[in-house]
Protein chains: 2
Amino acid sequence: MAGDLSAKQHLSEKQQDILRFLEEFISEHDYPPSIRDIQTGCDISSTSVVDYNLKRLEEKGYIRRDREVSRAIELLDGQGERRRRSTVQVPVLGKIAAGIPLPVHPDQMAPEEVLDLTEDTVPNRPGLYALRVQGMSMIDALINDGDTVILEPRNSADPGEVVAAWIKDREETTLKKYYPEGARVRLQPMNASMDPIYEDADNVEVQGRLVATLRSF
Amino acid sequence: MAGDLSAKQHLSEKQQDILRFLEEFISEHDYPPSIRDIQTGCDISSTSVVDYNLKRLEEKGYIRRDREVSRAIELLDGQGERRRRSTVQVPVLGKIAAGIPLPVHPDQMAPEEVLDLTEDTVPNRPGLYALRVQGMSMIDALINDGDTVILEPRNSADPGEVVAAWIKDREETTLKKYYPEGARVRLQPMNASMDPIYEDADNVEVQGRLVATLRSF
DNA sequence: CAAAGCCCGGCACATATGTTCTGTTCGGAA
DNA sequence: TTCCGAACAGAACATATGTGCCGGGCTTTG
């Protein structure tokens with residue numbers, strides 16, 4: 001028990017109780033409880049006891065408080081890191097299938113739905129949007145029917161980035177790794193066992209960069 | 001303008017300003033601002049003006065307030081639905097590669113990292129854990145090197161579910177659709193163009209159910 | 001033009017809420 | 001025992017914060 005460096009510092013039962021209550025309250029209300037909310041919620045006899053234990057929790061890196069500010073409690077992870085990362089709202093602009101181009105002006109479209117994602121899922125960049133994949137035309141990009149792809153609007157790409165490319169003469173959008181090679185472009189499937197295709201640079205139009213893919217079951 | 005059921009109701013510039021400030025403040029502090037915070041943050045002359053516009057925002061379904069409670073503002077989506085879904089903490093328990101079994105007792109392992117995910121990414125079920133995929137042995141499940149898989153601990157599965165199955169005599173974990181067929185089990189790759197494999201039921205051990213996969217670029 | 005309604009300013013008020021002070025209780029150390 | 005610090009009780013205090021009221025400018029409507 002002693003000298004256990006990596007272990008969480010000891011929390012009294014009351015402190016664990018408070019921590020649980022904080023989580024529950026916040027997830028229910030979207031704002032933190034007041035000291036008296038905690039008092040009644042955890043059956044504690046006095047506000048000073050709550051305050052006392054909150055101070056201990058703050059010392060141990062489980063919460064952060066702003067003095068004099070009501071309900072100013074942030075949940076931390078026990079090592080002083082913020083636990084509740086901010087979320088990013090990503091509009092779902094529609095479906096994508098082989099032969100259907102991506103939306104050209106994502107900003108102007110009315111989203112049919114908005115995804116709430118954390119930065120553990122997608123990096124927070126401006127203009128991100130999502131599309132539902134319909135059909136299996138992108139199986140060579142390891143993307144299946146029903147998956148969701150997150151894209152960042154782009155007109156060009158650096159070599160090696162995964163892009164949504166509109167191939168003009170085929171009238172088709174494809175997701176591939178992008179390698180410009182002089183007058184032509186090599187488009188490499190994500191599945192390393194598959195062969196690349198080559199197109200004239202004129203024939204390829206970068207429409208966006210692939211940022212993430214999601215699949216739920 | 002009248003009778004437009006689906007459209008968002010008109011928001012004054014000041015109201016949009018307040019809404020933006022709310023988002024910004026909450027994502028920065030993890031707790032909502034007070035009326036006076038909004039006042040100074042949006043350069044509004046009086047608390048009553050803030051209050052007035054908050055009332056309008058509440059009527060229009062963009063926020064919800066609890067009366068008499070300080071900082072009790074929840075963000076809604078304009079149709080009365082909660083916008084800030086609660087997040088789920090999913091521990092990353094390690095890597096997975098061909099030939100490496102899944103952790104048997106996920107609860108007891110110390111996570112090397114914790115993912116913060118919304119319910120738009122994974123359903124909130126107890127015991128979820130994540131693994132980083134190493135190597136391309138799961139390419140037939142449309143899962144690539146570097147992907148993250150989210151699993152739910154399970155000892156059995158319903159037909160058609162995607163499971164992590166330990167195949168004893170091969171000493172290998174595989175992700176496939178699970179179809180029990182009498183004394184044997186059909187394991188169907190997720191890529192519909194690939195053929196299923198068949199194993200004796202005795203030789204297959206369900207270790208978990210695949211809940212989601214994530215890929216970032 | 002008057003009446004009505006929307007939006008705003010300024011201010012005082014009530015209360016919601018964090019803080020602090022004084023004690024008390026309980027174990028373990030000296 | 002005595003001493004001391006951690007944890008707890010209870011209450012008073014100070015301020016942070018939501019609310020109500022009154023009035024004014026502005027537009028709309030008749």
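Lettering of chains follows the sequences in order, A, B, ..., and the numbering in each one begins at 1.
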What's the [atom1]-[atom2] distance between [X] and [N], to the nearest Å?
| X | N | atom1 | atom2 | answer |
| --- | --- | --- | --- | --- |
| A:I35 | D:dG10 | CD1 | C1' | 15 Å |
| B:D37 | D:dA16 | CG | C1' | 10 Å |
| B:L57 | D:dG18 | CG | P | 15 Å |
| B:K55 | D:dC21 | NZ | P | 11 Å |
| B:Q39 | C:dC8 | CD | P | 13 Å |
| A:L54 | C:dT17 | CG | C1' | 13 Å |
| B:I18 | C:dC8 | CD1 | C1' | 12 Å |
| B:E13 | C:dC7 | CD | C1' | 14 Å |

Any chance the side chains of [X] and [Y] put a donor and an acceptor closer than 3.5 Å?
| X | Y | value |
| --- | --- | --- |
| A:D66 | B:Y31 | yes |
| A:D51 | A:S48 | no |
| B:S70 | B:S34 | no |
| B:Q134 | B:D145 | no |

Of all the nucleotides listed ([options]), which has the minimum atom distance to the side chain of [X]?
| X | options | answer |
| --- | --- | --- |
| A:R65 | D:dA7, C:dT19, C:dT17 | C:dT19 |
| B:S70 | C:dG18, D:dC8, D:dG18 | D:dG18 |
| B:R36 | D:dA12, D:dG18, D:dG20 | D:dG18 |
| B:Y52 | C:dC7, C:dG10, D:dA11 | C:dC7 |

Please confirm whether the shortest side-chain N or O distance from [X] to OP1 or OP2 of [N] is below 4.0 Å.
| X | N | answer |
| --- | --- | --- |
| B:K14 | C:dC8 | yes |
| B:R71 | D:dT17 | yes |
| B:R67 | C:dA14 | no |
| B:N53 | C:dC8 | yes |
| B:S46 | C:dC8 | no |

Subject >> Nearest-nucleotide 5' precedence on DNA chain D, B:P33 against A:S48 >> reply: A:S48
Original post:
Looking across every strand, which nucleic acid part, if any, lies under 4.0 Å from A:S34 by heavy atom: base, sugar-phosphate, or nothing?
Top reply: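 Sugar-phosphate contact only - A:S34 comes under 4.0 Å of backbone atoms but never of a base.
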Original post:
Reckon A:D51 touches a base, only the sugar-phosphate, or nothing at all at heavy-atom distances under 4.0 Å?
Top reply: base
Subject >> Residue mapping more 5' on DNA chain C - nearest nucleotide basis, B:E68 or B:S12 >> reply: B:S12
**OP:** Check if the side chain of B:T47 and the base of C:dG10 share a donor-acceptor pair of N or O atoms closer than 3.5 Å.
**Re:**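 There is none.
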**OP:** With B:I143 as reference, evaluate B:T148, B:V133, B:I96 under the side-chain contact (heavy atoms from CB on, under 4.5 Å) test and give the passing residue.
**Re:**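 In the set B:T148, B:V133, B:I96, the residue that makes a side-chain contact (heavy atoms from CB on, under 4.5 Å) with B:I143 is B:V133.
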Original post:
Do B:D17 and B:K14 meet the salt-bridge criterion of a basic N to acidic O distance under 4.0 Å?
Top reply: no
